[in-house]
Amino acid sequence: MNGSKLYLWDVYKGDINYLYSFVGLDTYSCVGICGNANGEIIVCFEEGEDAFLYRLNDKEHQETKTLVLIQEFYDSYTAFCAADYSRTHPGVNIVVEQLETNDEYNKNILLNQIKEGNGPDLIWTDKETINSLKNAGAISSLNDLISSDMEKNIFSGVLDFGKIGTELYALPCEALLKVLMIKKGSSDLDDWNVQEAINEFGTWNKRSGGKKFFSTSYSLDPLKLFNMLCGMQIEQSIYVDLETMKCDFQRQEFYDLLDFCLEYSETELNSNHYNTYSTDEIISQVDNGEAFLLILEGNLIHYSTVRKKLGEEYKTIGYPTKDKVSCLVECYHGVALNTLSDNQEIAKDFLEMLVSKEYQIKYSYNWIRKDVLQEQVKDASENHDHGDYGDYDDPYKDSPFFEINSHASIPLEGREDGTSYVDEYIQLMDEGISNQVEYAIQNILFEEIQAFFLNEKTAQEVAAIIQNRVQIYLDEKGCEL
């Protein structure tokens with residue numbers, strides 16, 4: 001074997017002939033190759049708790065249906081799931097491919113291929129592309145896949161990401177939590193909006209002398225700071241109303257926001273100089289009064305690590321939206337189904353498996369199901385085997401863990417008593433809203449506010465241009481609906 005391919009090596013003649021390619025299995029998981037009296041080749045693999053036995057011969061086999069899953073770029077979760085599905089469903093082969101480059105040109109080529117009936121069966125892509133494919137009639141509604149199990153166990157913010165209106169058009173397979181952490185006693189900030197946060201920061205700034213609003217893993221220029229405060233949730237802000245299709249940027253709050261981002265950014269716009277910070281440095285900045293809020297973004301593993309370091313001196317606050325302050329459930333991609341696929345039923349069955357409990361336990365680290373977290377996360381246990389550490393003590397014996405199977409687990413940071421942060425994490429994810437971005441509006445904002453940050457236009461001039469452009473976009477979007 002070489003990689004995932006099996007070859008027949010004739011030592012006497014010096015010939016090497018290709019025989020077979022194994023989907024999702026390779027040399028590392030192969031535990032044996034032998035022949036039998038019938039001239040067949042037997043190949044055995046072990047993958048976790050699963051074992052696979054292949055019997056290869058020259059007899060004619062059933063026809064294989066091939067489905068193509070195209071990815072914007074390589075995604076291991078959907079690739080592993082496709083390989084697993086192909087192994088366990090004889091006669092089906094899901095081939096995973098990537099776009100040559102992840103740009104508009106290749107996305108347009110993909111859209112044209114789908115329209116012509118030559119496209120892939122399944123598309124793993126971002127929300128902006130999902131919207132474009134839906135508007136072109138290129139992808140199918142997946143509402144018939146929404147089961148009581150999905151509604152009960154998949155976080156609502158995850159399913160909301162894949163929806164356009166009330167229709168589900170893509171299934172996200174992974175999700176992250178995004179929350180803000182603030183030191184207890186440093187501020188009364190709780191149910192807040194951006195304007196209140198700016199005012200509260202001013203009070204805190206005079207008291208502590210701190211200059212940073214957010215402590216995050218990289219330094220923020222004015223545009224990045226604006227995006228953190230408003231751009232990522234622009235459709236949830238006071239400036240845009242997608243129900244009435246109206247916008248209002250020519251107001252004092254917007255002018256103040258631009259002034260604030262310019263004054264308290266860490267680097268200048270388009271600067272080549274920027275800093276990166278470790279988790280310990282991010283926490284230290286808030287502890288020492290250099291920064292006001294800490295951004296915590298990640299899966300349960302990262303969340304647990306940071307929460308352990310923060311201890312009980314910090315509290316969680318969400319992002320301000322129209323209706324409430326809420327944590328954000330971040331999904332970046334979903335899998336959509338080509339309307340013209342000849343393999344609709346197989347594709348839908350695979351889509352259900354992508355978000356199933358089985359695949360989430362085996363292949364995911366960014367879990368989307370609360371039942372998986374509730375059942376697989378265990379508190380510290382002396383009886384659990386985390387692996388062989390030889391002459392050394394198991395460093396994770398007093399830690400909670402995510403149990404993949406009886407032989408494999410993922411250690412987690414936990415509280416001093418050995419309990420995990422999973423209930424806290426589930427509650428935040430359960431209450432969180434989907435962080436969906438209106439990219440067209442966001443792009444308009446990013447294009448125009450740079451003129452203010454570069455001192456080329458006033459805040460009022462920039463706001464007037466944005467007001468006009470965004471309202472035209474909303475009018476056109478309203479007509480489409």
Side-chain angles (χ1 to χ4, degrees), residues 66-75 77-79 81-82 94-146 150 154 157-175 234-235 242 245 329-355 368 434-444 473-474 476-481:
T66 299
L67 283 74
V68 175
L69 166 62
I70 195 82
Q71 301 174 335
E72 284 189 2
F73 50 86
Y74 179 73
D75 171 62
Y77 178 78
T78 47
C81 291
I94 300 179
V95 178
V96 178
E97 300 175 352
Q98 289 83 42
L99 292 176
E100 288 186 18
T101 54
N102 181 26
D103 55 25
E104 289 305 312
Y105 175 74
N106 278 285
K107 287 181 181 179
N108 287 331
I109 291 176
L110 174 63
L111 179 57
N112 289 330
Q113 288 175 341
I114 293 173
K115 286 179 178 178
E116 294 168 1
N118 300 319
D121 300 271
L122 297 158
I123 308 103
W124 181 86
T125 187
D126 58 42
K127 187 58 181 281
E128 189 174 15
T129 306
I130 291 166
N131 286 333
S132 299
L133 292 171
K134 183 264 179 184
N135 291 336
I139 54 177
S140 301
S141 168
L142 302 176
N143 268 21
D144 59 330
L145 293 186
I146 302 177
M150 279 191 190
I154 296 178
V158 172
L159 289 177
D160 287 345
F161 174 87
K163 290 180 179 179
I164 300 175
T166 59
E167 294 285 313
L168 183 70
Y169 283 95
L171 274 178
C173 307
E174 299 187 287
I234 190 62
E235 75 284 352
L242 294 180
M245 291 297 176
V329 176
E330 293 203 311
C331 301
Y332 297 102
H333 297 85
V335 183
L337 172 59
N338 181 353
T339 303
L340 299 178
S341 169
D342 293 329
N343 302 295
Q344 295 281 324
E345 293 306 313
I346 297 174
K348 286 184 176 181
D349 187 59
F350 173 66
L351 284 169
E352 288 182 307
M353 288 301 296
L354 275 178
V355 297
I368 62 172
S434 176
N435 185 23
Q436 300 191 54
V437 178
E438 278 285 336
Y439 289 100
I441 298 177
Q442 187 188 66
N443 291 339
I444 292 171
Y473 166 76
L474 292 174
E476 292 173 350
K477 185 180 176 75
C479 291
E480 290 175 3
L481 296 176

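Residue numbers count from 1 along this sequence.
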[X] (side chain) donor-acceptor with [Y] (main chain) under 3.5 angstrom:
{"X": "Asn135", "Y": "Asn131", "answer": "yes"}
{"X": "Glu167", "Y": "Ser140", "answer": "no"}
{"X": "Glu174", "Y": "Tyr77", "answer": "no"}

So, do [X] and [Y] sit near enough that their side-chain heavy atoms are less than 4.5 Å apart?
{"X": "Ile146", "Y": "Asn143", "value": "yes"}
{"X": "Leu67", "Y": "Phe350", "value": "no"}
{"X": "Thr78", "Y": "His333", "value": "no"}
{"X": "Thr125", "Y": "Leu99", "value": "no"}
{"X": "Leu159", "Y": "Leu171", "value": "yes"}
{"X": "Ile114", "Y": "Pro120", "value": "yes"}
{"X": "Ile130", "Y": "Ile164", "value": "yes"}

Ring centre gap for Tyr74 and Trp124 strictly below 6.0 Å:
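Not under 6.0 Å, so no.
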
Separation between [atom1] of [X] and [atom2] of [Y], rounded to the nearest 0.5 Å:
{"X": "Leu122", "Y": "Gln71", "atom1": "CG", "atom2": "CD", "answer": "11.0 Å"}
{"X": "Asp160", "Y": "Asn435", "atom1": "CG", "atom2": "CG", "answer": "12.0 Å"}
{"X": "Leu354", "Y": "Cys173", "atom1": "CG", "atom2": "SG", "answer": "4.5 Å"}
{"X": "Asn338", "Y": "Ile70", "atom1": "CG", "atom2": "CD1", "answer": "11.5 Å"}
{"X": "Glu116", "Y": "Leu111", "atom1": "CD", "atom2": "CG", "answer": "9.5 Å"}

Asn108, CG atom: more than 12 neighbouring heavy atoms under 6.0 Å
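Atom CG in Asn108 is crowded, with more than 12 foreign heavy atoms closer than 6.0 Å.
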
Residue of the set Leu133, Leu337, Leu340 for which side-chain contact (heavy atoms from CB on, under 4.5 Å) holds with Ile139
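It is Leu133; the other options fail the test.
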
Show, in sequence, the C-alpha distance, side-chain angles and deciding distance for Leu242 and Leu474, and conclude whether the side chain to side chain contact (heavy atoms under 4.5 Å, CB included) test is met.
CA-CA 8 Å; Leu242 294 180; Leu474 292 174; 3.8 Å; yes

Mind checking side-chain hydrogen bond (donor to acceptor under 3.5 Å, both in side chains) for [X] and listing every partner two or more places apart, or none if nothing turns up?
{"X": "Lys163", "result": "none"}
{"X": "Tyr169", "result": "none"}
{"X": "Asp121", "result": "Ser341, Asn343"}

Hey, does the Lys NZ or Arg CZ of Lys127 hover above the aromatic six-ring of Phe161, less than 6.0 Å from the centre and inside 45° of the axis?
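Pair Lys127/Phe161 counts as cation-pi.
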
Which atom pair, heavy atoms only, marks the closest approach of Cys331 to Ala175?
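Taking every non-hydrogen atom into account, SG-CB, 3.8 Å.
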
Minimum heavy-atom distance between Ala82 and Val96, given as atom pair plus value
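Taking every non-hydrogen atom into account, CB-CG2, 3.6 Å.
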
